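A short worksheet on the structure shown next.
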Amino acid sequence: MKKYKNFIFIIILIIFVVYLRAGEERMENIEELEIAVGIGYSVKEDVGGGIKYMLPINSVVYQENGVNVSTVRTGTASTIALTRGERQRKSDRKFFLGTERLYIIDEGIGRFGVTNTIDTLFRNPMVNDDGFCVICKGKSEEYLKYKIPGYDTPVDYITGMIRNAPSYNFFQKNYRIKDVYLMVGSEGRSLALPYIELNEKGVQITGMAIFNKDKLAAILDIEDSKTMNILRSDRGKGMLTIQGNERDFISYYAKCKRKVKCNKEGDKYKFIIDLKFNGDVVNNVMYKKLSSKVEVKEKFEKDMEKKIEARCYEFIDKMKSQHKADCLELGRIAVAKYGRETGVDWDDVISNSDIKVNVKVKVEKVGRGEY
Amino acid sequence: MNDRKGLITANELTCLLIGILIDINITMTPNSVVAISKQDGWISMALGAVYPLYVALIAIYVSRKFPNDNILVLSKRYFGSFIGNVLNFLFFISFFSYFPPAYFNATLILRTYIIPFMSPFKVYLVITLIGAYTAYKGLKVLARIGIISFFLLIVIMLVSLAILFYGSILNVMPIFGVGAKDIIYGSKNTIYDYALFEWIFLLYPFINDKNKIKDSAFKAIAFCCFVYTWVVFIAIYYLGIDMIKKTIWGFFSATESIRVDVITSFRYVFVFIWVLIALKSISYSYYICIDILRNINKNLNKKLNSIFVFIIMGSIVIFITKVYYPNRLVKDEIVNFTTKASTIYNLFFITLIAVIIIIKKDDKCEKI
Amino acid sequence: MNKKKYFIIIAVVIIYTIISLGTEKISLEDLGIITGIGYDMKKVSPTEKKYIFPFSVYDFETSGKRSSHISVGEGRNVGETIETRQKQMNKTILQGLERTFVIGEVFAENGLKPILDERARNYQTSDMAFGAICKGKSEEILGMNIEGYGSSSEFIAGLIERQQGYNFFSQNYKVIDMLVRIDAEGRNLVMPYIDVQEGKIEIVGLAIFKKDKMIATTDLYTAKILNLLREDNVKGVLSYQKKPKEYTDIYVTSKRKVKCEKKQDKYTFTIDLKLTGNIASNTLYKDILTNLKDKEEYEKLMSKKVQDNCNEFLNKMKNEYKTDCLELGREAAAKYGRRKGIDWNEIVCNSEIKVNVKVIVNEQGRGDFIK
């Protein structure tokens with residue numbers, strides 16, 4: 001009996017393993033799978049006043065011969081989870097989730113409210129939390145179907161755009177879905193995502209979309225987006241220009257640091273935002289002798305400070321009166337000082353608070369010479 | 001389970017104690033503490049270490065008096081065979097009450113994140129076989145597994161340092177903003193995590209150097225307190241209390257934020273490590289339950305040495321888990337009750353023994 | 001030793017030659033490998049029917065690219081179709097590798113007996129091919145050119161196979177399933193119903209058969225309920241929706257048990273459906289994550305909704321279809337005896353059918369965003 005102990009043990013092990021695997025779906029080869037790379041979210045008005053969710057999903061079939069086939073399949077149904085079945089009935093391959101890189105939410109869903117979308121993604125452990133999230137003009141399906149030469153799918157191109165955006169315009173690196181959860185779900189925070197458009201030139205980032213809780217509040221053009229990014233984030237990089245008239249301008253590429261102080265007097269909140277810019281002049285046909293005379297440099301710095309301050313105040317006024325949302329995430333600072341879950345509506349409070357901006361500009365280098 | 005030669009070293013004792021305190025439930029600790037203490041949850045978590053500290057102090061006292069007798073032997077000696085066994089059996093029940101939740105937690109995390117297609121029963125079966133077989137091999141083996149788990153925990157802690165890059169200190173502020181009252185009140189949610197330190201009462205007879213018991217106990221508590229506090233802190237730091245409330249496994253969600261370009265997803269690395277830690281806890285639970293039963297009645301000793309006992313116990317546990325803990329919400333309600341009951345009983349039991357020893361100091365203490 | 005070797009070699013050669021005598025060998029280029037078979041019928045006159053059987057045959061080109069063409073055989077009976085087809089073809093037909101067979105509507109309405117007989121006799125055909133009923137003519141669907149596929153049959157086979165796991169479809173749509181379900185006592189056949197929408201082939205519902213004649217087709221919504229009542233261990237999404245934005249979806253696996261009772265001549269069937277799964281999306285209940293009452297309320301409401309849907313379907317089945325499409329007769333026959341000449345369709349439609357649905361939430365994913 002002892003001789004056979006190992007043998008019996010192996011037999012039992014095999015039976016056990018077979019039992020565990022029995023009845024389960026067979027494993028697929030990667031060539032048989034449709035691997036999701038980008039998911040779009042849209043809404044459609046339904047007959048009878050209802051709403052249908054449309055989820056176009058861009059997936060790639062990776063083939064042995066290296067030619068990768070990219071398809072877009074759309075499922076349309078009354079809830080997001082039901083779109084899965086609707087999409088599958090047009091597909092002949094098994095669907096694979098977990099490596100998708102892009103979530104495109106279109107304006108329609110933005111106005112409708114993104115809670116449903118986020119909840120479905122949040123619950124699903126198979127979802128890739130590192131995927132980028134953007135808001136698009138029009139319908140998300142167009143972007144996923146758009147063919148860009150040299151790319152298997154437009155998703156690669158768009159994610160590349162978002163990934164490289166932080167070099168300019170003070171864009172941030174936190175536009176991934178895991179950041180979206182935090183921005184929508186935390187007290188004192190608000191959601192802001194890049195806004196892309198599809199026109200004759202192709203796909204471009206044309207601004208930022210800001211949200212009031214879970215609904216789209218406004219779409220900012222690129223200039224306002226820059227200002228908002230400067231006021232909103234702790235760090236950023238971008239180009240600032242003073243344009244005198246047609247021929248006179250000076251461009252300044254700077255890194256920006258932000259510090260916020262918060263005070264409360266009675267029921268009114270006061271915020272002081274200190275912005276420090278540190279950068280180089282990259283192009284100058286306006287300030288003569290900038291690189292040689294200290295006074296000229298200081299004048300430029302002062303002028304730049306004034307210009308930035310003016311822009312900031314202009315934007316803050318718009319924010320308070322038009323958008324009525326705390327898109328600068330000032331609530332977060334207040335909460336850290338004055339306590340959480342006190343029932344305060346931070347959008348309301350910030351719109352009625354006193355916000356002061358102090359800007360300091362410093363020019364480090366002016367290049368090799370002046371023309 | 002031949003432990004006669006198997007004396008354990010002080011380090012092994014420390015790792016065993018750490019092992020019984022820290023199991024896969026640590027991924028859920030931020031969620032339980034943040035409910036009341038909000039952003040100061042990590043302070044509550046640190047304060048909760050008072051409970052195992054008390055247990056340790058009592059254990060050190062008792063072990064100094066009777067370094068070779070575990071608490072079950074002592075209870076029989078002081079209270080007679082019958083009452084002693086009753087007390088011991090209740091002690092067994094209080095340990096056993098942590099067994100099904102451990103099964104359930106481990107299975108749920110595995111099924112949610114990696115193997116959603118497996119039915120719970122199949123996962124229970126696999127856990128049982130591995131856990132039971134490991135426990136069957138004896139204390140020395142469990143100690144070695146404890147050392148491995150200890151290092152795995154260190155790996156997790158070191159990697160989680162990376163989360164510091166992604167979160168914000170604002171989330172943890174205002175510090176002490178919740179108020180001392182709520183912070184202390186919130187500590188009561190930490191009981192589940194610091195529970196079962198009473199195992200030290202069964203372990204100290206096996207240590208090879210009786211003087212090191214104190215060191216081992218304190219080292220274990222210090223390490224666990226640090227780990228737990230860090231876990232809660234880092235979860236709040238990255239997620240913020242609003243998000244923690246939306247998740248089921250807060251620490252797990254926090255670790256998903258770590259991005260290293262080479263590794264596509266840290267999740268699978270982590271789950272692999274958590275699986276090993278969960279299996280360790282299960283095998284410890286098996287060992288303890290059977291060990292207590294063995295001590296209750298020496299006659300059962302011979303029969304209990306065979307692997308069939310493990311199979312029977314495994315079947316009972318699987319049965320109970322399947323029937324009485326069908327889902328997370330029911331399990332939470334049951335666990336709330338059993339944790340309180342079990343903690344109160346354990347504290348009562350060990351204090352009773354200590355008091356009795358003090359009272360009867362002059363009587364039978366020469367019996368070695 | 002050497003003699004033995006030589007002897008074996010010689011023996012092998014001789015045996016091989018003998019065996020291959022009299023067998024014909026055909027080179028690959030002369031083979032027509034069938035990838036899909038279609039079955040169509042045209043009513044030339046009230047008494048005369050014409051059978052049209054298109055074969056989808058692979059073309060092997062020297063460039064290595066796969067494509068296919070349709071070879072049609074027409075005739076008044078099956079044998080004639082084979083002959084007429086061979087007249088057009090320049091190759092010998094190789095069966096056994098076909099992936100799909102598509103049956104046109106008209107043919108299905110007239111009865112599948114001719115196919116069954118042919119399939120059962122033909123030892124060369126593949127029993128594992130997937131089948132579907134199509135709207136219109138199978139010739140069109142089989143002849144469709146789909147980019148990236150050698151023939152549309154490949155696509156259709158994948159389409160049908162991959163429905164498993166969505167909309168509660170099973171995989172029992174192969175030839176062998178068809179054979180079993182048409183003639184066995186108490187059993188009933190349903191097949192996927194496909195159509196071409198916007199140039200793409202999709203599954204649009206199920207086709208219900210009475211014996212071997214198709215009597216009705218359903219849309220996808222009804223198909224889901226039919227599958228749920230009919231199959232065991234199938235998966236799909238169920239949704240309870242109050243408003244466009246407020247709904248809770250659950251992805252379930254089903255367990256189906258049927259009990260049959262007979263009182264005098266009246267039969268009662270009880271179908272117990274246990275649906276366990278995890279919540280895919282929730283924006284309806286604020287506290288479903290931690291509150292037992294919320295979870296139980298959802299389970300109750302969801303169960304009731306499914307139960308109502310099932311009862312609605314049962315009415316339709318009894319009054320409109322008048323067929324036992326749930327294969328309840330099978331359970332009754334197993335309990336009360338077979339081969340008694342009972343018409344199960346009739347009995348089941350006159351019996352009482354009760355459905356008990358229980359929805360159980362097992363897991364909830366990673367968390368709940370709506371809190």
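Remember, predicted model here, so these are calculated numbers, not experimental data. Numbers restart at 1 for each chain; the letters A, B, ... are given by sequence-line order, proteins then strands.
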Salt bridge (Lys or Arg N to Asp or Glu O under 4.0 Å) pairs touching residues 164-173 of chain B, sequence neighbours excluded, are none
Against chain C, residues from residues 329-343 of chain B with at least one heavy atom under 4.5 Å, in numeric order, are L329(B), V330(B), E333(B)
- Item | Electrostatic pair K300(C)-E296(C), nearest N-O below 4.0 angstrom | no
Turns out that what part of N291(C) lies under 4.5 Å from chain B's heavy atoms comes down to backbone
salt_bridge(K335(C), E261(C)) N-O dist < 4.0 Å: yes
Turns out that what part of Y113(B) lies under 4.5 Å from chain C's heavy atoms comes down to side chain
ring-ring contact (aromatic ring centres under 6.0 Å, His included) with Y194(B): of Y51(B), Y228(B), Y98(B), only one passes, and it is Y228(B)
request  = Flag the pair E154(C) and R99(C) as a salt bridge only when some basic side-chain nitrogen lies within less than 4.0 angstrom of an acidic carboxylate oxygen.
outcome  = no
CD1 of I241(B) to OG of S37(B), rounded to nearest 0.5 Å, is 10.0 Å
Review point. Does D272(C) come within less than 4.0 Å of K259(C), counting only side-chain N to carboxylate O?
Key: yes
